[in-house]
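Notes follow the structure.
All of these numbers come straight from a predicted model, not from anything done at the bench.
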Amino acid sequence: MILMQGRGIVGGVVEAPALVTSEPISGFGGIDVAAGTVIEPRHELFGVCFTGKVLVFPGAKGSSGWSGFFQSTRLLGTAPAAMVFTVMTTKAALGAIVTRVPTVVGALPDPVITVRTDDMVRVDGDAGTVVILTRPGDTLSMSEKPAGERGRH
C-alpha cells in the first residue's frame, strides 16, 4: 500500500481506477461534458474519457468557467469519480465542490508522479488521503506484498 497525505477539500470516499496527467486541464473548451473526455487538441489525454475515474492532475488552467464545465459533468453523469490535484487554485477548488466528488489536494508524495494510470486507488476526502491499492499486473494487493516490494514502481 502506498499512502499519500494531503488536504481533503470535498469529503467522501471512492475507490476507482486512476487517470493521471502531468498537464493541467482546461475546463472551458478543454473537456466535452457530454462525453466526459478531454478535447484539448494538444493535451496528453486528448480523446481520453475521465468518467468514473480518479482524475489525478496538477490543477486547473484557463478561465473561471472551469467550475461550470465540471459541474455539468456531474449533471450529465460524466464526472470523474474523484479528483486529486497538486496546485490549489480557486477555480479547481470550486470545480471540485460543484462536481461533488471526493477531492484531495497537495498530497505528498506527489500523486502526479506516484500514481499511474489504471492503478486502483482510494481517495478519502474526509481524511485527505490517497492510497494506491493495486497496480495493473499485481497479483497481490500492495498491503499483501513483502515489505521489500512495497512501493516499488
Side-chain angles (χ1 to χ4, degrees), residues 2-138 142 151 153:
I2 298 173
L3 171 68
M4 290 153 274
Q5 180 67 54
R7 183 173 54 167
I9 59 170
V10 178
V13 179
V14 167
E15 291 183 8
L19 178 61
V20 182
T21 180
S22 61
E23 299 177 14
I25 295 177
S26 175
F28 182 72
I31 64 170
D32 177 341
V33 298
T37 57
V38 176
I39 59 170
E40 188 177 344
R42 287 176 250 154
H43 198 282
E44 67 184 343
L45 293 182
F46 177 75
V48 177
C49 182
F50 53 75
T51 302
K53 305 281 177 85
V54 173
L55 189 55
V56 181
F57 61 113
K61 69 177 180 179
S63 74
S64 58
W66 199 91
S67 58
F69 275 78
F70 271 91
Q71 178 187 28
S72 294
T73 65
R74 177 182 59 83
L75 297 172
L76 293 170
T78 60
M83 289 193 238
V84 176
F85 52 90
T86 54
V87 179
M88 173 62 107
T89 62
T90 54
K91 72 181 111 212
L94 181 58
I97 291 166
V98 299
T99 306
R100 298 182 188 166
V101 296
T103 303
V104 172
V105 65
L108 292 174
D110 184 347
V112 171
I113 296 169
T114 308
V115 180
R116 298 179 190 162
T117 292
D118 295 325
D119 284 353
M120 183 59 69
V121 297
R122 177 185 303 122
V123 177
D124 184 334
D126 298 312
T129 59
V130 180
V131 177
I132 299 173
L133 300 171
T134 60
R135 292 215 143 121
D138 282 351
M142 297 297 278
H153 299 328

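Here the straight-line distance linking atom OG1 of Thr21 with atom CZ of Phe50 works out to 12.5 Å at 0.5 Å rounding. Separating the NE2 atom in His43 from the CD1 atom in Ile31 is a distance of 11.0 Å, to the nearest 0.5 Å. Interatomic distance, Leu108 CG to Asp110 CG, rounded to the nearest 0.5 Å: 7.5 Å. Atom-to-atom distance recorded for Leu76:CG and Gln71:CD is 10.5 Å, nearest 0.5 angstrom. In this structure, CG on Asp119 lies 11.5 Å from CG on Leu19, to the nearest 0.5 angstrom.
Taking 4.5 Å as the limit, every side-chain heavy atom of Val38 sits out of range of all side-chain heavy atoms of Val48. Inter-residue side-chain proximity for Ile2 and Thr114 is flagged as met; some heavy-atom pair is nearer than 4.5 Å. For the pair Val104/Met4, no side-chain contact is recorded, criterion being any heavy-atom separation below 4.5 Å from C-beta on.
Of the possible donor and acceptor atoms, one in the side chain of Ser26 sits under 3.5 Å from a partner among the backbone N and O of Phe28. Judged by distance alone, with hydrogens and angles left aside, the side-chain atoms of Gln5 form a donor-acceptor pair with the main-chain N or O of Gly128 at under 3.5 Å. At distances below 3.5 Å, at least one donor-acceptor pair connects side-chain atoms of Trp66 with backbone N or O atoms of Ile25. A donor-acceptor contact shorter than 3.5 Å is absent between the side chain of Arg122 and the backbone of Leu133. Side-chain atoms of Glu44 come within 3.5 Å of backbone atoms of Ser22 as a donor-acceptor pair (strictly under, hydrogens ignored).
With sequence neighbours excluded, no residue satisfies side chain to side chain donor-acceptor pair (under 3.5 Å) with Glu23. Applying the salt bridge (Lys or Arg N to Asp or Glu O under 4.0 Å) rule to Lys91 yields no partners; only residues at least two apart in sequence or on another chain are considered.
Between Pro80 and Thr73, the shortest heavy-atom distance links the atoms CD-OG1, 4.2 Å. The shortest non-hydrogen separation linking Thr103 to Ala96 is OG1-CB, 3.3 Å. The shortest heavy-atom contact between Thr51 and Thr78 is OG1-O, 2.8 Å. Considering all non-hydrogen atoms of both residues, Ile9 and Ala93 come closest at CD1-CA, 3.9 Å. Minimum interatomic distance between Ile39 and Gly29 (heavy atoms only, all atoms of both residues): CG1-O, 3.9 Å. Closest heavy-atom contact between Thr117 and Pro136: O-CG, 4.5 Å.
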Using distance only, find each side-chain donor-acceptor pair of residues 81-89 under 3.5 Å and give its atom names and separation, not counting sequence neighbours.
| residue | atom | partner | partner atom | Å |
| --- | --- | --- | --- | --- |
| Thr86 | OG1 | Pro58 | O | 3.1 |
| Thr89 | OG1 | Ala92 | N | 3.2 |

